[in-house]
Every structure is written in C-alpha cells, then in structure tokens.
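What follows is one structure encoded as structure tokens, with my remarks underneath.
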Amino acid sequence: GKGFKFTAFDYSQLELRVAADLSGDEKMISAFTKGLDIHALTAAEVNGIPVEKVTPELRRRAKTLNFGILYGMGARALAEAAEISRDEAEVFIEKYFEDFTGVARFISDTKKFAHDHGYTQTAFGRKRFFTEISSSSFRLQRELERQAVNFPIQGTAADIMKKAMIEVDRFLREEKLESKVRLLLQIHDELVFEATKNTPAEVLEKIKSIMESVWRGRVAMRVEVKGGGSWADLQ
C-alpha cells in the first residue's frame, strides 16, 4: 500500500531448535546457546575435524543431513540429496547418531511411544494418531514411524507459529495499531507484515519479542527482522 513497506519476521532455524529442545541433545543445545553454526558443527562432528576446517561443501552436506534426520531420510535419499555415494551416506548417518546421542534416543523413544500409544504429540499437547503404525506391511509401518517422529518437531514449530500470530494480533488490537501494521502472510517460518514507513522501531521490536517468547524451552527462539519495498528486496 502507499506509504507502507514490507517488514518480515523470520524464525531462525525453528525446527532444528525445536528438535534440540525436544530431544534434549546436549551438543545441539550447547551450539544454539553459544550461537554457533549448527550445520558447521555437524559437519565437524561427523567428519572428525575442527569447525574451522569445515568447507562450504561439507557444511552443505551436513545441512542436508540435519534436516534429513528430522524427516526420516534414509541412506539412499541422503545420498541423492547430498550428491554422495550411498556408502558415504550410511557412514554419515551412523556417525551422526554416535555424535548426537540425544537425537538418536529421541527418535527411538518416539517410535516406541507411537507403537505403544498409537499417537505422538507436540510440545503443546496436540496429538496426531497413527492407528496403523503396527501394520503387517513393513513399508507402511516404516512410513508411519517416520511421520510419528517428525510430527512432534514440525507440529511444535507449526504451533509456535500459530501462537505467535495470535499474540501479535492481540498486541496490534490492544495498542490500536491495526491501521499502521497489518499481517499479510505466513510463509513457512516467516510472518510478512505491511507497516507504515514511520512505524516506531519499538513496535517492530515488540513484535519480534512476542514471537521469540511464545514458547520458552531450553533453546531460545530467535527471530530475524528485515524490511523493504518488495519481498525480494527485504534486508
């Protein structure tokens, strides 16, 4: 709109932060607490090298591995995504679970819980049921196990985003700012607003603070704020 600009609030590595928190993995929690590059740390761990020796290519593979583990990616899929051999992918996954024991334990415990109870749930208690997880079909069972592990992480991230939208909307209404700051879109882990060009910086800072505090766990949420005349020009 005329007289407005885009302001985007983007959760930084939301699902990985949630995974660190839910799994209680000390290495991941420590990395986020210290503000370290989680992908570089993973690359260093699985390759047995110092963080400063991690190349962009090793970091790229580790990033694929970090997200792949959360989504239940097997060696074949990881090999294709990271453009490495299947043997290398198998070693990567094995080494990952040796280094990030909290994540390995979380995956194992979550699968067992799903088989015992028929559901998994988010940190907020929202449940998703997997009634056929003990199916005689091996393929179906493995697919539902993958979904059961992923749901607490991706589902909690989704809950955080929805709670953030509700709390920010409440703030804008209470402060009678609806004509000056308007929520337009949610795009993955990002909220895009239209704000007047003279919107006080403290209003934007308050929105950031609300988003970072809707869920307080062992790993702090971090939100990056960017502005610009178009979505492509946000900086």
Side-chain angles (χ1 to χ4, degrees), residues 1-23 28-29 31-40 63-64 66-71 120-128 147 149-235:
K2 188 175 181 180
F4 286 76
K5 68 174 184 177
F6 286 124
T7 305
F9 298 77
D10 189 9
Y11 278 110
S12 173
Q13 298 181 320
L14 178 56
E15 289 183 17
L16 286 174
R17 290 175 185 271
V18 169
D21 215 311
L22 295 184
S23 69
M28 288 186 74
I29 291 172
F32 282 121
T33 301
K34 294 176 180 177
L36 302 179
D37 182 335
I38 189 66
H39 302 310
K63 182 177 181 178
T64 302
N66 272 329
F67 287 108
I69 293 296
L70 302 189
Y71 304 139
T120 55
Q121 61 185 6
T122 70
F124 297 92
R126 184 163 60 90
K127 298 177 180 177
R128 179 177 175 183
Q147 293 178 23
V149 169
N150 179 243
F151 178 70
I153 299 168
Q154 207 163 45
T156 295
D159 289 350
I160 288 171
M161 180 59 78
K162 300 303 185 294
K163 284 178 68 68
M165 293 168 74
I166 291 168
E167 293 301 322
V168 169
D169 179 70
R170 180 179 290 124
F171 163 69
L172 295 177
R173 288 173 183 273
E174 288 177 350
E175 299 298 320
K176 297 180 170 51
L177 293 166
E178 305 105 297
S179 63
K180 296 182 179 180
V181 184
R182 304 192 287 250
L183 175 58
L184 297 181
L185 293 168
Q186 177 219 339
I187 307 170
H188 302 297
D189 299 336
E190 179 179 47
L191 293 182
V192 181
F193 292 78
E194 200 174 41
T196 56
K197 293 180 179 179
N198 60 354
T199 298
E202 55 264 31
V203 171
L204 304 182
E205 185 60 36
K206 179 62 177 178
I207 293 174
K208 177 178 183 290
S209 176
I210 290 171
M211 291 178 65
E212 290 180 339
S213 61
V214 291
W215 182 53
R216 295 186 183 276
R218 293 180 63 186
V219 178
M221 298 292 107
R222 289 287 177 262
V223 172
E224 298 173 353
V225 185
K226 297 180 180 180
S230 71
W231 191 38
D233 296 330
L234 295 179
Q235 58 183 345

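The model shown is predicted, which means the values in this text are computed figures rather than measured ones.
Inter-residue side-chain proximity for Q121 and R128 is flagged as unmet; no heavy-atom pair is nearer than 4.5 Å. At a threshold of 4.5 Å between non-hydrogen side-chain atoms, the residues L22 and T156 count as touching. Contact of the F67 side chain with the H39 side chain is registered, since non-hydrogen atoms from C-beta on lie closer than 4.5 Å. Looking at R182 and F4, their side chains come closer than 4.5 Å, going by heavy atoms from C-beta outward. Side chains of L191 and L185 form no contact here, defined as non-hydrogen atoms less than 4.5 Å apart. Taking 4.5 Å as the limit, some side-chain heavy atom of L14 sits within range of a side-chain heavy atom of I160. The closest side-chain heavy-atom distance from L177 to F171 is below 4.5 Å. Looking only at side-chain heavy atoms (C-beta outward), K226 and Q235 stay at 4.5 Å or farther from each other.
For the ring pair (Phe, Tyr, Trp, His ring centres under 6.0 Å) test, residues two or more places apart in sequence or in another chain that qualify with F9 are F193.
When all heavy atoms of P152 and V18 are compared, the pair lying nearest together is O-CG1, 4.3 Å. Shown here for A31 and I38, the closest heavy-atom pair between the two residues is CB-CD1, 3.9 Å. Across every non-hydrogen atom of L70 and A19, the tightest pair is CD2-CB, 3.7 Å. Across K127 and F151, no two heavy atoms sit closer than the pair C-CE2, 3.9 Å. Minimum interatomic distance between S12 and R17 (heavy atoms only, all atoms of both residues): O-NE, 2.8 Å.
Rounding to the nearest 0.5 angstrom, the gap separating the CE atom in M211 from the NZ atom in K163 is 13.5 Å. I153 contributes atom CD1, which lies 11.0 Å from atom CG of D21 (distance to the nearest 0.5 angstrom). With rounding to the nearest 0.5 Å, the separation of CG in L16 from CD1 in I69 is 11.5 Å. A distance of 10.0 Å separates NZ in K5 from CG in L234, rounded to the nearest 0.5 Å. Rounded to the nearest 0.5 Å, atoms CD (E212) and OH (Y11) are 8.0 Å apart. L172 contributes atom CG, which lies 7.0 Å from atom CD of E178 (distance to the nearest 0.5 angstrom).
Heavy atoms from other residues, nucleotides or ligands lying under 6.0 Å from NZ of K208 number more than 12.
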**Request:** Run the numbers on R173 and D169 for salt bridge (charged side-chain N to carboxylate O under 4.0 Å, His left out), then give the verdict.
**Result:** CA-CA 6 Å; R173 288 173 183 273; D169 179 70; 2.8 Å; yes
**Candidate pair T199 and L204, rule side-chain contact (heavy atoms from CB on, under 4.5 Å), full reasoning** = CA-CA 8 Å; T199 298; L204 304 182; 4.2 Å; yes
**Item:** Stepwise side-chain contact (heavy atoms from CB on, under 4.5 Å) test for E167 and S213
**Value:** CA-CA 10 Å; E167 293 301 322; S213 61; over 6 Å; no
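Remark: the backbone N or O of G155 is paired with a side-chain donor or acceptor of R126 at under 3.5 angstrom. A donor-acceptor pair under 3.5 Å is formed between the side chain of Q186 and the backbone N or O of H188. Side-chain atoms of S209 do not come within 3.5 Å of backbone N or O of E205 as any donor-acceptor pair.
A donor-acceptor pair shorter than 3.5 Å cannot be found between the side chains of Q147 and Y71.
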List, one per line, each side-chain donor-acceptor pair under 3.5 Å for residues 214-224, sequence neighbours excluded.
| unit_1 | atom_1 | unit_2 | atom_2 | d |
| --- | --- | --- | --- | --- |
| R218 | NH2 | E26 | OE1 | 3.2 |
| R218 | NH2 | E26 | OE2 | 3.0 |

